[in-house]
J.: 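The following block contains the structure, expressed as structure tokens.
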Amino acid sequence: MLIALGAVALGGVLLAFAADQFVIGAARIALLRRLSPLAVGVVIVGFGTSAPELLVSVLAAIAGDMPIAVGNIVGSNIANLTLLLGVGAVLLPLTVASTTVRREAPLTVAATIVFALAVQSGIAVWEGAVLVAVMAAVIWRVMRTGSSDNLGVEVDQFADAASHNLKTEVVRTLLGLIGTLAGAQLLLTGALDLATLAGLSEGFVGATLVAVGTSLPELVTVVQSARRREGDLIVGNLLGSNLFNALAVGGVVGIFGTGAAVGTKLSAVAAGIAVAVAGLAWLMMRTGRTVSRLEGALLIAIYPLIVLALY
């Protein structure tokens, strides 16, 4: 049991550090190569922090552990818009000024619904391909926002690429990717062992322990951005991560997985909660375009109740 817990803990810490370095390095490379800051914010920072979810879920799907793969997706999406959005709002009331972020919110709700529908009877290969295609369309839609968007300004400040060397950032990115892969494998192995030893379902472990572990890179970005008072980057990162999880990660899991049903606890309860949480977060963003500290505290308080509902 202790070895399994140690593997989960070590994998989570490695994911948090390595994925953060991967995202920062990739963002700096893109900015140094003169990609627009908005594109970096939407594609690299927003989606790059979901690399742990992608790696863990794909590794689990290939191994035939579909409850872990699907549980990680829905659990991460729930954690992002309760725990992490809540922490961000408590640290810094999140005023959403970016038009890109405001457009991402309803798209995130829609993507969560589409994934919830796809997972009801197991994600077939053709459904996975559709999810990936929708992801490409969403990226194109979000990128139509003008380059003067506030999110692009905050990305410039976050990455601070001008004061860094391209070769150094290439090494940082490669090592970050390797570390993320190693952390994902450690976390997955430990979680599977823990589920067996503790008598817990793989779906529950995937939707809680694994999901929180793979969401740690988003937490690092939330805290860093809050210190710089970059509210749009916090919200944009979390919404982008959920979009990527539901469509890209869900799609790849469908393509490489077995397509087997994962049980109503995940397909109905967890997926339904993910949709409700996405809708609640969107509603909070629409009221005065700000997620307040009180709303953040409410989101944090909701999460333990969700865990109990999934048990």
Side-chain angles (χ1 to χ4, degrees), residues 42 45-47 49-50 52-53 57 70-96 98 100-116 119 138 142 151 206-208 210-223 225-226 231-250 266 269-310:
V42 171
V45 177
F47 299 154
T49 49
S50 286
E53 285 90 342
S57 287
V70 172
N72 180 42
I73 294 171
V74 293
S76 292
N77 281 8
I78 291 169
N80 283 348
L81 294 184
T82 53
L83 277 180
L84 274 63
L85 184 62
V87 168
V90 168
L91 293 174
L92 173 72
L94 301 174
T95 300
V96 184
S98 166
T100 300
V101 172
R102 291 203 298 271
R103 289 174 182 175
E104 266 190 307
L107 289 173
T108 299
V109 175
T112 308
I113 293 172
V114 169
F115 177 78
V119 81
V138 167
V142 172
L151 180 62
T208 53
V210 175
V212 170
T214 56
S215 290
L216 288 176
E218 283 94 340
L219 177 60
V220 172
T221 303
V222 165
V223 173
S225 300
D232 281 314
L233 189 58
I234 291 174
V235 179
N237 171 45
L238 295 176
L239 291 175
S241 177
N242 278 29
L243 270 171
F244 187 86
N245 289 344
L247 298 177
V249 180
L266 285 180
V269 180
I273 290 173
V275 171
V277 163
L280 177 62
W282 182 25
L283 180 63
M284 288 180 174
M285 293 172 201
R286 286 180 60 86
T287 54
R289 294 182 179 176
T290 300
V291 182
S292 68
R293 283 195 168 96
L294 179 60
E295 290 171 328
L298 175 63
L299 289 171
I300 294 172
I302 286 172
Y303 186 73
L305 301 177
I306 293 174
V307 172
L308 288 175
L310 296 179

J.: Any side-chain heavy atom of Ile73 sitting closer than 4.5 Å to one from Glu53?
T.: no
J.: Which atom names give the shortest non-hydrogen contact between Val119 and Val70, and what distance separates them?
T.: CG2-CG1, 3.5 Å
J.: Can you tell me how far CE of Met285 sits from CG of Leu239, rounded to the nearest 0.5 angstrom?
T.: 4.5 Å
J.: Looking at CD1 of Ile234 and OG1 of Thr221, how far apart are the two atoms once the value is rounded to the nearest 0.5 Å?
T.: 9.5 Å
J.: State the CD1-CG distance between Ile273 and Asn77, to the nearest 0.5 angstrom.
T.: 12.5 Å
J.: Would you sort out whether Thr208 and Val212 count as a side chain to side chain contact (heavy atoms under 4.5 Å, CB included), showing the intermediate values?
T.: CA-CA 6 Å; Thr208 53; Val212 170; 5.7 Å; no
J.: Closest heavy-atom contact between Thr112 and Ala278?
T.: OG1-CB, 4.1 Å
J.: Go through the side-chain N and O atoms of Thr214 and Asn72 and say whether any donor and acceptor fall under 3.5 Å apart.
T.: yes
J.: Rounded to the nearest 0.5 Å, what separates atom CD1 in Ile78 from atom CG in Leu83?
T.: 10.5 Å
J.: Test Leu94 against Thr290 for side chain to side chain contact (heavy atoms under 4.5 Å, CB included), laying out the working first.
T.: CA-CA 5 Å; Leu94 301 174; Thr290 300; 5.7 Å; no
J.: If a pair satisfies side-chain hydrogen bond (donor to acceptor under 3.5 Å, both in side chains) and one of its residues is in residues 78-91, list it, with sequence neighbours excluded.
T.: Asn80-Ser215, Asn80-Ser241, Asn80-Asn242
J.: What pair of heavy atoms forms the shortest contact from Leu310 to Ala207, and how long is it?
T.: CD1-CB, 4.1 Å
J.: Do the side chains of Ile113 and Val109 get nearer than 4.5 Å, heavy atoms only?
T.: yes
J.: Would you say the side chain of Leu238 lies within less than 4.5 Å of the side chain of Glu104, judging by non-hydrogen atoms?
T.: no
J.: Give the minimum heavy-atom separation between Arg293 and Ala89, together with the two atoms involved.
T.: CG-O, 3.3 Å
J.: Pairs under 3.5 angstrom only: tabulate donor-acceptor contacts from the side chains of residues 295-303 to other protein residues two or more places apart or in another chain.
T.:
unit_1: Glu295; atom_1: OE1; unit_2: Ser292; atom_2: N; d: 2.9
unit_1: Glu295; atom_1: OE1; unit_2: Ser292; atom_2: OG; d: 3.4

J.: Do you know which two heavy atoms are closest between Ser76 and Asn245, and how far apart they sit?
T.: CB-ND2, 3.9 Å
J.: Which pair of heavy atoms, one from Phe115 and one from Ala246, lies closest together, and at what distance?
T.: CD1-O, 3.3 Å
J.: Does some side-chain heavy atom of Trp282 sit less than 4.5 Å from a side-chain heavy atom of Thr108?
T.: no
